Amino acid sequence: MLFLISYHANLINPSIKNTCDVVSYFYTFAALITHLNMSLLVVGTVAFDAIETPFGKTDKIIGGAATYASLAASYFVDQINLVSVVGDDFPSETIQELNNHNINTKGLQIKQGEKSFFWSGRYHNDMNTRDTLATELNVIMNFDPAIPPSYQDCTFLMLGNLMPAIQMRVIERLVNRPKLIVMDTMNFWMETAMDDLVKVIAMVDVLTINDAEARQLSGEYSLVKAAQAILKMGPKYLIIKKGEHGALLFNNEQVFFAPALPLEDVFDPTGAGDTFAGGFIGYLARTKDISFENMKRGIIFGSAMASFCVEKFGTERIIGLEQEEVEERVQEFIDLVQFDITLV
Ligand code: AMP
């Protein structure tokens, strides 16, 4: 074996002569392969949103599940490959802003003469619940997700909120199944595409939904019973997001709960779920560890990212964050939940 590696190494680099050189060459090569294989693919809507909260109202601003998820993940991995679609009404400056966050937009289709996905929502006074006022699918209706060949090395796949049939097509078009597939969805798809939704849920490893959606999907009021029913549908893990009340992680044997950071100002919860998911999968991709224990840490990192998202309207707060700010926020989480206890 060593002989083969040594022969190969020498062919590529004739200055490699002794065993030490060969071993170091082997490790460099292995590290390179590992790095190449750790790519993160994010799929989902890139959109315009109009939002009303008790603190204000916006006209069309930038939103979309994949926008939030890829921005959040960009704080953890060097490059994110994006697959989505927009119309020719979408600003090129925003695409540039995504590129500045190391988000590769080769897989972002721009449809001439068509309009971008548009969503509008109004939050209730508690900011934990909202009404959807409009969902205009526009370019999403006929979206055929092409996966650029350079995206095929995908190890981690974030299927952000999108039409389930399209989410399924992305999985089918990847030559190799990613090491981890995380999927997010929402009530809209439960009401309009339940059959396809159930099929995709059966194909993924982790499903993230909010508490109302978990109840709607399972028909169970108790979140524990809802989780048991949803895990039977196929995913190995389920994350139930509870807004300002934190998040629950389930698999068939274990449960973990993380609170949300109590914040002084919550201006706009839009995108918090997608930002959470992006931070979660970004952390797992960075640490290359998909154990339950590491997913617990991923939930803390995801929650930290989501806590930034809600502090301003739209994507404003999660663009251009400093790495130290992220670290400080995670430390606040650690301080929040740490206590000493002695059982008597
Ligand atoms: P969140 O607040 O995390 O649930 O995500 C809100 C984002 O999801 C907004 O920026 C919307 O553009 C996007 N969105 C809303 N409805 C849908 C939908 N039916 N499918 C895909 N994305 C959606």
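Order of appearance sets the numbers: ligands from 1, and atoms from 1 within every ligand. Index from 1, following the sequence. Hydrogens, waters and symmetry mates are skipped; everything else that's a heavy atom, side chains included, is used. Nothing here was measured: the structure is a model prediction, and the numbers come from that model.
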So do [Y] and [X] actually touch side chain to side chain, heavy atoms under 4.5 Å?
X: Ser74; Y: Asn102; value: no
X: Phe308; Y: Arg329; value: yes
X: Val46; Y: Leu82; value: yes

| request: Flag the pair Arg169 and Asp196 as a salt bridge only when some basic side-chain nitrogen lies within less than 4.0 angstrom of an acidic carboxylate oxygen. | output: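 No, this pair does not count.
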For [X], the ligand 1 atoms whose distance to one of its heavy atoms is below 4.0 Å:
X: Gly63; value: 10 (O)
X: Met186; value: 15 (C), 16 (N), 17 (C), 18 (C), 19 (N)
X: Gly64; value: 9 (C), 10 (O), 12 (O)
X: Phe188; value: 19 (N)
X: Gly271; value: 1 (P), 2 (O), 3 (O), 5 (O), 6 (C)
X: Tyr68; value: 10 (O)
X: Ala47; value: 12 (O)

| Do you see a donor-acceptor pair shorter than 3.5 Å between the side chains of Asp289 and Thr287? | no
| Looking just at side-chain N and O atoms, do Thr58 and Asp49 make a donor-acceptor pair shorter than 3.5 Å? | no
| request: Evaluate the criterion salt bridge (charged side-chain N to carboxylate O under 4.0 Å, His left out) for residue pair Arg317 and Asp268; output intermediate values, then yes/no. | output: CA-CA 11 Å; Arg317 186 72 174 105; Asp268 172 21; over 6 Å; no
| Under 4.0 angstrom from ligand 1, any heavy atom of Arg130? | yes
| query | Any heavy atom of Phe117 sitting closer than 4.0 Å to ligand 1? | reply | yes
| Parallel, tilted or perpendicular: rings of Phe313 and Phe267 (30°, 60°) |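 Phe267 and Phe313: tilted rings.
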| query | Would one find more than 12 heavy atoms of other residues, nucleotides or ligands at under 6.0 Å from atom CG of Asp59? | reply | no
| query | Has ligand 1 got any nitrogen or oxygen that is less than 3.5 angstrom from a nitrogen or oxygen of Gly273? | reply | yes
| query | Can an N or O of Asp274 be found at a distance shorter than 3.5 Å from an N or O of ligand 1? | reply | yes
Tell me, which protein residue and heavy-atom name are nearest [atom], and how many Å apart are they?
atom: atom 10 (O) of ligand 1; value: Asp49 OD2, 2.4 Å
atom: atom 20 (N) of ligand 1; value: Trp189 NE1, 3.0 Å
atom: atom 22 (N) of ligand 1; value: Thr45 OG1, 2.9 Å
atom: atom 23 (C) of ligand 1; value: Asn161 ND2, 3.5 Å

| query | Can you check whether Phe301 and Phe333 have ring centres sitting under 6.0 Å from each other? | reply | no
